[in-house]
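Data first, discussion second: the structure below is written as structure tokens.
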Amino acid sequence: MLPDWTLWLEWLIKSLVVTLALLGGFAYLTWYERRALARIQARIGPNRAGPFGLLQPIADAVKLIFKEELVPAKADKIVFFWAPVVTLVPSIIIAAVIPWGTSFTAFGREITLHVADINVGVLYLMSIASIAVFGIVLAGWSSNSKYAMLGGLRASAQMISYELALGFSFATSIILADSMRMLDIVDAQKGLWFVVVQPVGAVIFWIATLAEVNRAPFDMPEAEQELTAGYHSEYSGMKFALFFMAEYQKMIVISAILATIYFGGFLGPGVDEYPLLGPVYLLIKVILLLFVMIWVRATWPRIRYDRLMSFGWKIMLPLSLAITFITAAGILLADLLNNQIYFWAIPVVSTIIGLVAVVFIYRTLRRLPYERV
Amino acid sequence: MDKKLEPIINALQKQFDSSIEEFRDEVHAFVKPEQILDALTLLRDKYEFELLSALTAVDYFPQQSPRYHIVYQLTSLAKNLSVQLRVPVNGDQPKVPTVTRVYEVANWREREVADMFGVEFEGHPDPRRILMPDDWDGHPLRKDYPLGYEEPQFTFNFDEIDVRKPYAKE
Amino acid sequence: MTLDLILFLVLALVAIATALGMLISRNAVYSALFLVLNFVTVAVFYLLLGAPFIAMAQITVYAGAIMVLFLFVIMLLGAEKLAPAQVLPWQRPLAAALAFILVAEATYLLVTRARPTGDVLPPSEAVNTMDNIRQLGIELFNQYLLPFEVTSILLLVAMVGAIVLTNRQKRERK
Amino acid sequence: MAQLEEVNIDNFRHLVSDRALSGETMLLNMGPQHPSTHGVLRLLLELDGETIINAIPDIGYLHTGIEKNMEAKTYLKAEVMTDRLDYMNTTGNNLAYCMAVEKLVDLDVPPRAQAIRVILTELQRIASHLVWLGAFGLDLAAMSVFLYCFREREAILDILELCSGQRMMTTFIRPGGIWRDVPVEFESAVRDFLKMFPKRVDEYEALLTKNPILLDRLVGIGILDAATALQHGVTGPTLRASGVNWDLRKARPYCGYDQYDFNVPVRTEGDTFARYIVHIEEFRESMKIIEQALNKLPMGPVNSDNRKFVPPPRSEIGVSMEALIHHFKLWTEGFPAPKASIYSAVESPRGELGIYLEGDGGPKPYRVHLRTPSFDNLSVINKITQGTLVADLVAILASIDIVLGDIDR
Amino acid sequence: MIPVEYYIILSAILFAIGVLGVLIRRNALIIFMSIELMLNAANLAIVAFSSVIQSFSGQIFVFFVIAVAAAEVAVGLALIVEIFKSKQSIDVDQISGLKG
């Protein structure tokens with residue numbers, strides 16, 4: 001009945017590795033973002049602490065730990081304390097189902113390179129993503145500040161709206177892989193990444209994740225020019241660091257998920273012979289995807305809140321529904337008529353639909369009085 | 001005086017019996033406080049002075065009457081002209097009707113004059129202080145406003161002055 | 001005492017405690033949070049019973065959507081606390097007594113009269129036999145296709161209803 | 001959300017709608033500490049959800065009593081106060097003040113000084129617009145533009161430092177001319193800037209002007225029509241974006257602006273995007289002016305030789321007794337000005353910067369009034385933000401280009 | 001091995017707590033939450049039975065219950081918001097009139 005103790009040990013070690021990797025990844029993502037932003041903005045970025053400023057995250061952490069924590073007088077103390085924790089936990093446990101390799105043999109046993117291989121992996125991602133909103137709502141409410149409140153409400157409305165588009169692009173990859181297991185999804189991409197089959201789905205997923213993790217240009221909830229810092233306005237010190245940590249870990253995790261379900265996850269040349277290459281490939285993909293996020297942040301202005309909501313409901317949702325339908329129809333027709341033509345119609349038709357959506361967005365922009373500019 | 005300005009000045013003289021002063025091509029027309037609304041309305045509607053460039057006041061303390069001059073600097077964009085109306089106001093209980101209804105910019109400018117000189121603008125829609133704190137005593141730009149001087153604090157008189165300093169102590 | 005039983009008892013305690021917490025919290029936000037915990041615990045029961053799909057749906061829909069909506073409404077209305085009003089002195093004991101009778105009655109009826117045969121599957125086994133989402137989907141879309149479509153219409157109607165109810169501008173224009 | 005007890009509503013009961021009293025709308029304090037109020041401005045917002053019902057500005061947090069201070073200084077020494085007025089446009093303020101003094105005491109300025117004044121104020125105008133553009137971009141979260149703009153502003157500040165030894169508070173323009181002639185490197189420095197800058201403006205445009213998100217945020221937001229603008233005394237680029245062609249440099253040329261060929265960019269839409277376009281176009285027009293002024297920069301003295309008003313150059317003090325006496329008299333006692341008042345205005349980057357100067361026959365101004373453009377431009381904010389969202393308020397506030405030092409004085 | 005009775009007793013207790021909430025609380029939102037709790041208690045029993053008889057029908061039934069609960073909450077909360085707007089209260093004791 002009881003699994004033998006080595007299995008327990010293996011689980012423990014793997015969980016620890018993932019957690020620590022995320023914590024370290026968070027720290028160095030802040031460094032990466034600051035350096036990358038600095039390069040884009042013609043400045044240097046942190047370069048004092050250690051070589052290339054590599055010790056900067058540690059300095060930041062020390063500073064935040066020793067910083068005085070303020071609790072607003074009329075705040076709800078209990079919820080105020082728990083809100084950062086509730087935000088942070090989903091951002092870590094969501095990483096459990098991401099596979100970072102197949103398996104290798106060491107110490108006379110086969111060690112799989114994922115923490116949990118559950119057959120409803122994608123659903124797990126969805127449900128954890130949906131409870132991540134609690135921390136933000138609670139932080140906004142418990143601070144007893146109007147700015148925090150507005151930020152919290154904005155965040156939750158935004159996350160709920162974009163969850164649907166996210167869910168449909170998950171569904172697309174589920175249909176393509178014919179499984180909800182993350183490992184099966186990766187295996188199905190051997191030879192052909194899903195981003196080739198369903199490029200629009202990948203784009204929708206990426207946009208929805210930007211909204212889901214409150215990144216620019218969808219960083220409405222913490223729009224510092226409007227709401228000072230949104231839901232974490234009143235937080236300081238380590239509690240603030242937890243929110244920060246949660247946000248950056250979500251960035252990492254969500255990039256890893258995107259890499260897994262659309263960009264072939266840990267797949268890469270030679271990964272079959274050397275399974276330990278898997279995590280390396282995944283890391284490279286994650287870093288590239290993260291760079292795109294940073295790049296977007298450096299370039300684009302923030303979209304307005306009501307436009308964000310209408311974009312989510314009026315464009316992203318129908319578009320993601322359409323591509324789910326196209327994918328399902330394509331696979332069904334290819335199966336029924338036994339003709340691969342229909343399968344290859346999926347990317348073509350979805351791209352056309354995506355272009356129609358882009359043209360539609362372009363036409364509805366309020367720019368007509370300025371056509372000659 | 002600019003040729004184009006002459007009919008305007010004549011009209012002002014005729015209608016409001018105002019005296020005229022000229023200095024370096026600038027024309028100042030004096031009108032009485034009760035006439036200012038009509039004068040500004042006339043200038044705005046008939047002579048196209050669309051812009052009230054400035055509204056301020058001068059305090060000629062110790063002189064009691066008229067102690068204040070309220071200055072209305074008007075600009076006509078259409079004709080590229082300027083004219084200044086000056087309203088002499090008596091020293092005790094200075095009161096002028098508000099011109100907010102003619103030029104909305106006067107809202108803040110009059111608040112500023114009221115704040116700085118203590119001139120009351122009758123019928124002003126928002127008679128709060130604008131630059132000074134709400135609980136401030138006095139009107140700083142008046143010539144009889146006491147100027148505060150602060151004695152420099154050196155080592156030899158540090159404690160002595162520290163006692164007198166008006167900051168919060170434990 | 002097997003591991004399963006210990007797990008069950010602990011979770012059952014948590015479920016009851018959070019339900020009671022929901023019941024007695026003064027602050028509606030706390031009530032909602034206790035209820036969220038309760039739903040998550042129930043989701044874990046579903047996992048133990050070999051229904052991972054239902055467990056995930058439970059978390060996504062109940063915890064992630066419904067309870068967030070509740071929190072939203074509580075915060076928007078500022079209705080965390082109600083002003084105390086006079087309570088009939090016999091109301092609460094009576095309600096508690098009635099509830100106890102209900103528990104006893106339900107337990108008695110369910111356990112003695114409608115006694116189902118056998119035990120629930122242990123988790124390890126449930127995973128293997130019951131955990132077939134493909135089968136679930138096939139059954140849902142064949143045998144239960146009509147209810148499924150009716151449910152979707154119901155959801156649509158509810159959505160329209162909610163929008164009509166809260167659309168203030170329209171009513172003001174009228 | 002009935003949270004009215006937190007705000008003392010008595011003082012502004014007449015400004016908010018009745019719905020605020022019943023708690024149906026929310027009162028939100030934006031500022032004085034808020035990242036996008038450009039200083040210490042407090043806006044009391046009355047919100048229905050996120051829609052603005054009323055935006056009531058509360059100013060005075062930066063009030064330093066410059067007008068009163070200037071009354072206590074001689075005409076020459078009072079000039080340093082003007083630098084602190086609109087700290088984005090220091091040479092422009094100096095110019096306005098010096099022109100007022102020159103008009104009051106009837107002083108002529110030699111042509112070389114006029115041309116240098118034009119170059120410096122136009123450079124300063126570009127610098128001010130750069131800060132405007134950067135802050136505008138930052139308020140819309142286009143953060144890179146902010147840093148690019150400050151990089152270019154740095155070049156301009158270097159030129160100012162080259163001339164005056166100071167980067168911001170230069171006090172380089174003096175009554176009767178300028179402090180001293182510009183150094184020989186000045187011309188090449190300005191030419192370098194002129195060569196580099198057009199490409200940079202194109203870069204900003206590439207980043208912003210056609211960005212769909214930016215268009216979405218700006219077009220049709222905060223529309224200010226010409227009549228309202230004039231009623232509220234709005235001047236400068238904000239007025240020109242509302243379709244009124246009024247630029248003091250064209251209408252009442254001073255400092256020889258009539259010799260230069262330049263356009264006054266005007267847009268008729270009056271929305272936030274129009275204000276943006278006008279600012280961008282003014283970069284190009286200012287560059288035209290600088291180039292022309294630099295090309296025909298005349299040689300000659302840079303100060304009026306009227307020693308009754310203008311201190312002699314350092315070189316003369318050592319050799320001329322008379323010069324020493326003038327120096328001493330002018331810097332200790334000052335020069336007397338007639339008992340009269342004048343109003344003189346220049347076009348600052350923000351609008352009409354008018355100086356009302358009154359002398360009483362003595363060496364100190366009897367009354368100085370600074371008609372600062374931001375003050376009136378801000379007063380229109382409640383009109384044009386009603387019915388927009390909080391995010392739009394930030395964009396509108398940034399677009400009307402306020403400097404709190406200019407407002408509070 | 002857990003006998004299915006355990007699940008049923010747990011379900012009955014949760015259901016009774018839900019009933020108690022409806023009976024003694026006056027906050028319309030908490031009453032609503034109690035109803036959700038009762039639905040959950042029923043769901044738990046159904047899934048337990050489904051596990052005993054090893055059939056998917058129970059799970060599908062629960063799936064429908066969850067969908068219906070979502071619809072119910074959408075309309076119910078909209079109603080509560082509207083009631084609050086007209087009565088300024090969500091105390092069920094004060095919401096006794098049928099005419100708004």
Side-chain angles (χ1 to χ4, degrees), chain A residues 36-45 73-74 141 144-147 149-151 153-154 157 215-220 222-229 233 294-311 358 361-373, chain D residues 1 3 6 26-31 33-37 45 47 49-51 135-148 150-151 205 207-221 267-269 271 273-274 276-277 280 388-395 397-398:
Chain A
L37 271 184
R39 296 313 302 168
I40 294 171
Q41 293 167 348
R43 51 194 179 92
I44 299 167
K74 282 189 173 174
W141 172 76
N144 196 20
S145 148
K146 288 169 183 171
Y147 285 109
M149 183 78 175
L150 281 175
L153 290 181
R154 273 183 172 194
R215 282 289 298 182
F218 301 125
D219 53 347
M220 236 57 45
E222 39 202 277
E224 64 171 12
Q225 283 81 16
E226 295 152 32
L227 301 179
T228 57
S233 291
I294 294 166
W295 190 9
V296 165
R297 181 179 172 194
T299 317
W300 277 349
R302 182 182 299 118
I303 195 169
R304 207 176 70 186
Y305 184 62
D306 59 327
R307 306 291 280 185
L308 167 91
M309 293 301 276
S310 61
F311 181 66
V358 170
I361 297 171
Y362 195 75
R363 298 290 302 201
T364 53
L365 282 178
R366 290 172 296 180
R367 57 178 301 163
L368 294 174
Y370 293 98
E371 276 305 332
R372 65 199 173 86
V373 179
Chain D
M1 271 176 279
Q3 289 169 326
E6 291 159 24
M26 182 171 83
L27 292 176
L28 182 71
N29 264 318
M30 187 165 163
Q33 292 98 9
H34 189 282
S36 57
T37 51
L45 303 182
L47 300 174
E50 285 205 27
T51 313
F136 184 67
L138 194 67
D139 279 351
L140 299 169
M143 65 190 295
S144 297
V145 177
F146 178 74
L147 288 145
Y148 297 152
F150 268 69
R151 179 182 61 191
E205 286 227 79
L207 265 174
L208 295 176
T209 308
K210 288 188 178 167
N211 187 316
I213 297 179
L214 192 93
L215 284 170
D216 202 44
R217 293 278 318 255
L218 302 185
V219 176
I221 301 296
R267 303 284 313 191
T268 50
E269 292 86 356
D271 58 1
F273 193 66
Y276 163 78
I277 293 286
I280 292 279
T388 60
L389 301 172
V390 177
D392 296 333
L393 169 78
V394 172
L397 198 62

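How far CG of L208(D) is from OG1 of T299(A): 10.5 Å, rounded to the nearest 0.5 Å.
R43(A) meets the side-chain hydrogen bond (donor to acceptor under 3.5 Å, both in side chains) test with Q41(A); sequence neighbours excluded. For S145(A), the side-chain hydrogen bond (donor to acceptor under 3.5 Å, both in side chains) criterion is met by E234(A), not counting sequence neighbours.
Side-chain atoms of K146(A) come within 3.5 Å of backbone atoms of L27(D) as a donor-acceptor pair (strictly under, hydrogens ignored). Remark: side-chain polar atoms of S144(D) are paired, donor with acceptor, to backbone N or O of A298(A) under 3.5 angstrom.
At a threshold of 4.5 Å between non-hydrogen side-chain atoms, the residues L150(A) and L28(D) count as touching.
A salt bridge links R304(A) with D392(D): the distance from a Lys NZ or Arg NE/NH1/NH2 to an Asp or Glu carboxylate oxygen falls below 4.0 Å.
Using a 4.5 Å cut-off between heavy atoms, L214(D) contacts chain A through both its backbone and its side chain.
Heavy atoms only, all atoms of each residue included: Y147(A) and N29(D) are closest at OH-O, 2.6 Å. Taking all atoms of both residues into account, the shortest heavy-atom contact from D139(D) to R302(A) is O-NH1, 4.3 Å.
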